[in-house]
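Step one of this worksheet: look at the structure below.
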Amino acid sequence: MEADASVDMFSKVLENQLLQTTKLVEEHLDSEIQKLDQMDEDELERLKEKRLEALKKAQQQKQEWLSKGHGEYREIPSERDFFQEVKESKKVVCHFYRDSTFRCKILDRHLVILSKKHLETKFLKLNVEKAPFLCERLRIKVIPTLALVKDGKTQDYVVGFTDLGNTDDFTTETLEWRLGCADILNYSGNLMEPPFQSQKKFGTNFTKLEKKTIRGKKYDSDSDDD
């Protein structure tokens, strides 16, 4: 009987919360409708024009990004191409990879998905064997490494999978969250709570990497397959 009473009480509380939420939504809608009702034709026309202009700008921005190679995950052939690509776009993620490193292939799968989802960011990959000068300049020692470039300057790095829950089975959202922490893409989730923290076996605390931590032997692999 006590259990039934507890369930009944919980149901009533939940019902009350739903009613309150519904009431707030209705009040907000009523307020918006009232505002529209009070507008004259000139004000409505200005509002319509403002929204159309915003849509037009958004479409123009999308076309500009696509013309610069956003919206796809592309391989660039040389160091010279890297400098040109980062010069053209405000936000760039470049995957420094090596064919023989298994974990680079794992990253590839996630980056393909994110490149299509986040048109505001350019996603590239560059073979480290073709970029010795650039790897030395950026102090890239561990493969795979993602260089996060904003306004033509390398702001941050994702080295190996340490920031992704220390597992090969990290989700695309986990990588998306990590890139969002660096403000290299627009992340809509909670930056204060890494997706993998809800999975105890993958749980770890995120600590932003400093450039000085990118040390080690030349092209160390973060993969057990090498």
Side-chain angles (χ1 to χ4, degrees), residues 65 68-187 196 206 208-209 211 213-226:
W65 282 332
K68 293 180 178 179
H70 293 231
E72 60 179 330
Y73 177 47
R74 297 180 291 116
E75 178 161 9
I76 52 177
S78 69
E79 296 172 318
R80 180 178 297 179
D81 294 277
F82 173 86
F83 291 109
Q84 183 60 37
E85 294 279 2
V86 300
K87 184 179 179 181
E88 287 180 352
S89 300
K90 181 179 177 64
K91 296 180 178 182
V92 179
V93 174
C94 187
H95 175 199
F96 286 85
Y97 82 98
R98 184 173 54 189
D99 284 326
S100 59
T101 302
F102 172 71
R103 282 181 172 161
C104 291
K105 296 176 176 62
I106 295 175
L107 267 182
D108 283 341
R109 294 199 299 269
H110 296 292
L111 292 171
V112 166
I113 295 171
L114 291 179
S115 68
K116 298 180 186 302
K117 181 178 180 180
H118 291 278
L119 295 184
E120 73 275 11
T121 304
K122 179 183 286 183
F123 288 83
L124 307 170
K125 63 187 296 188
L126 178 58
N127 191 325
V128 293
E129 305 298 340
K130 298 179 180 179
F133 167 77
L134 190 55
C135 289
E136 182 68 25
R137 177 172 172 175
L138 299 181
R139 296 193 293 172
I140 293 174
K141 305 296 182 182
V142 175
I143 303 303
T145 285
L146 298 181
L148 313 183
V149 187
K150 193 173 180 181
D151 295 320
K153 297 181 181 179
T154 306
Q155 304 283 358
D156 198 1
Y157 299 88
V158 180
V159 182
F161 294 172
T162 303
D163 292 350
L164 306 174
N166 275 322
T167 174
D168 290 353
D169 297 323
F170 65 88
T171 63
T172 302
E173 185 186 358
T174 296
L175 178 57
E176 184 180 24
W177 163 82
R178 175 61 181 88
L179 298 178
C181 288
D183 192 31
I184 208 70
L185 54 71
N186 300 331
Y187 181 65
F196 55 76
F206 166 67
K208 184 175 179 180
L209 289 168
K211 290 184 180 179
T213 65
I214 305 172
R215 304 288 188 185
K217 298 178 180 178
K218 187 175 181 181
Y219 303 150
D220 288 341
S221 174
D222 194 45
S223 171
D224 295 328
D225 292 69
D226 287 351

side-chain contact (heavy atoms from CB on, under 4.5 Å) between L185 and V93, intermediate numbers included: CA-CA 9 Å; L185 54 71; V93 174; 5.9 Å; no
Which atom of H118 lies closest to which atom of N186, heavy atoms considered: CE1-O, 3.0 Å
R74 side-chain N/O to G69 backbone N/O, donor-acceptor pair under 3.5 Å: yes
Heavy-atom donor-acceptor pair, K105 side chain to D99 backbone, under 3.5 Å: yes
Among D163, I106, I113, L164, side chain to side chain contact (heavy atoms under 4.5 Å, CB included) partner for L175: L164
Chi angles and distances behind the side-chain contact (heavy atoms from CB on, under 4.5 Å) call for I143, C104: CA-CA 7 Å; I143 303 303; C104 291; 3.5 Å; yes
Parallel, tilted or perpendicular: ring planes of Y73 versus H95, cut at 30 and 60 degrees: parallel
Any residue meeting salt bridge (Lys or Arg N to Asp or Glu O under 4.0 Å) with K117, in chain and number order, not counting sequence neighbours: E176
From NZ (K130) to SG (C135), nearest 0.5 Å: 13.0 Å
Shortest non-hydrogen contact from E79 toward F133: OE2-N, 2.8 Å
Main-chain N/O of L138 paired to Y157 side chain as donor or acceptor, under 3.5 Å: yes
Side chain to side chain, L134 and F83, heavy atoms closer than 4.5 Å: yes
N-O pairing of K150 and D156 below 4.0 Å: no
Chi angles and distances behind the side-chain contact (heavy atoms from CB on, under 4.5 Å) call for K141, V159: CA-CA 9 Å; K141 305 296 182 182; V159 182; over 6 Å; no
Stepwise side-chain contact (heavy atoms from CB on, under 4.5 Å) check, K90 with D151: CA-CA 5 Å; K90 181 179 177 64; D151 295 320; 3.1 Å; yes
Carboxylate-amine/guanidinium proximity below 4.0 Å for E72 and K122: no
Test ring-ring contact (aromatic ring centres under 6.0 Å, His included) applied to H110 - qualifying residues, sequence neighbours left out: F170
For the student: nearest non-hydrogen atoms of L114 and F123, plus distance: O-CE1, 3.7 Å
Considering all heavy atoms, the nearest L126-A131 contact: CD2-CB, 3.6 Å
Where P144 and F161 come nearest, the two heavy atoms and their spacing: CG-CE2, 4.1 Å
Check: Y97 main-chain N/O paired with K125 side-chain donor or acceptor under 3.5 Å: no
Donor-acceptor contact present, side-chain K68 to main-chain S89, <3.5 Å: no
From OH (Y187) to CZ (R178), nearest 0.5 Å: 13.0 Å
Main-chain N/O of I184 paired to T121 side chain as donor or acceptor, under 3.5 Å: yes
Expected output: side-chain E85 to main-chain L124 donor-acceptor under 3.5 Å: no
Nearest non-hydrogen partners of G71 and L119, listed with the distance: CA-CD2, 3.3 Å
